[in-house]
Amino acid sequence: AQTVTQSQPEMSVQEAETVTLSCTYDTSESDYYLFWYKQPPSRQMILVIRQEAYKQQNATENRFSVNFQKAAKSFSLKISDSQLGDAAMYFCAPPRGANSKLTFGKGITLSVRP
Amino acid sequence: NAGVTQTPKFQVLKTGQSMTLQCAQDMNHEYMSWYRQDPGMGLRLIHYSVGAGITDQGEVPNGYNVSRSTTEDFPLRLLSAAPSQTSVYFCASKLAHYNEQFFGPGTRLTVL
């Protein structure tokens, strides 16, 4: 079964600073994808970033990047130059492979201090 | 493309009433799924479908039914609503198992 752990339910960051959201997972799949989603107060779920497990290079999308450690089964999200609009709940999605169910973790609530 | 649409946006039911939450997507996605979101519980998978005519249970299927007669639609039925089903419900779809999911805007359901 695929599971994910987001150990810190709440985090806070100063505007313009950098914050890292942690995520560890378990999977029996060898080929899979990993995702981080953002849910702002509007409630809409938005894809932040995606990582293919077979790629050694960490994915980057503007101010968002991941630290993917496949052997350690760790998939952290780094937000650089934090902005007020980054305040949201962030969900790490467990590995999506051919046999995986579409479950999610409990999420991390990020607040940004002006 | 409208993406994933859900209706209604808000609904209030009395205990024991039945209703159907509608979900539709116009992206020709094979995979569709329903989640409920409760404070402190994250997103929990209710039911999902990997194609028309194929459905399966998720983590919390009790009290909910689904069917998938077309690729586009994936309705969620509450046969006899209970206060424990008060939640925000999200429908999502994706093209194939390696792709990202696209989410609808959600339905806030209150059962009195």
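Order of the sequence lines fixes the chain letters, A, B, ..., with proteins taken first and strands second; residue numbering starts at 1 for each chain.
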Option passing side chain to side chain contact (heavy atoms under 4.5 Å, CB included) with B/L43 (candidates A/M45, A/K106, A/M89)
A/M45
According to a hydrophobic-cluster definition based on side-chain heavy atoms being under 4.5 Å apart (Ile, Leu, Val, Met, Phe, Trp, Tyr only), do [X] and [Y] belong together?
{"X": "B/M32", "Y": "A/F35", "value": "no"}
{"X": "B/Y64", "Y": "B/V50", "value": "no"}
{"X": "A/L84", "Y": "A/Y90", "value": "yes"}
{"X": "A/F75", "Y": "A/L77", "value": "yes"}
{"X": "A/I108", "Y": "A/V48", "value": "yes"}

Non-hydrogen atoms of chain B under 4.5 Å away: do they reach the side chain of A/R43, the backbone, both or neither?
both
Counting only non-hydrogen atoms closer than 4.5 Å, does A/Q39 touch chain B with its backbone (N, CA, C, O), its side chain (CB onward), both, or neither?
side chain
Of the listed B/Q37, B/R44, B/R108, the one with the largest count of heavy-atom pairs under 4.5 Å with chain A is B/Q37
Which one of B/A96, B/S33, B/G104 has the most heavy-atom pairs closer than 4.5 Å to chain A?
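Looking at each of B/A96, B/S33, B/G104 in turn, B/G104 comes out on top.
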Would one find more than 12 heavy atoms of other residues, nucleotides or ligands at under 6.0 Å from atom NZ of A/K78?
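Check fails, neighbour count at 12 or below.
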Which pairs count as ring-ring contact (aromatic ring centres under 6.0 Å, His included) when at least one residue sits in residues 2-24 of chain B, sequence neighbours excluded?
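Passing the test, one end in residues 2-24 of chain B: no pairs.
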So does B/F103 get a backbone contact from the side chain of A/Q44, meaning a donor-acceptor N/O pair under 3.5 Å?
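Flag set: sc A/Q44 to bb B/F103 pair under 3.5 Å.
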Flag, side chain of A/Y37 to backbone of B/Q101, donor-acceptor distance under 3.5 Å:
yes
Please output the residues of residues 84-93 of chain B in contact with chain A, using a heavy-atom cutoff of under 4.5 Å, in numerical order.
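Those residues of residues 84-93 of chain B which have a heavy atom under 4.5 Å from chain A are B/V88, B/F90.
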Output the distance between atom CD1 (A/I46) and atom CZ (B/F102), rounded to the nearest 0.5 Å.
12.5 Å
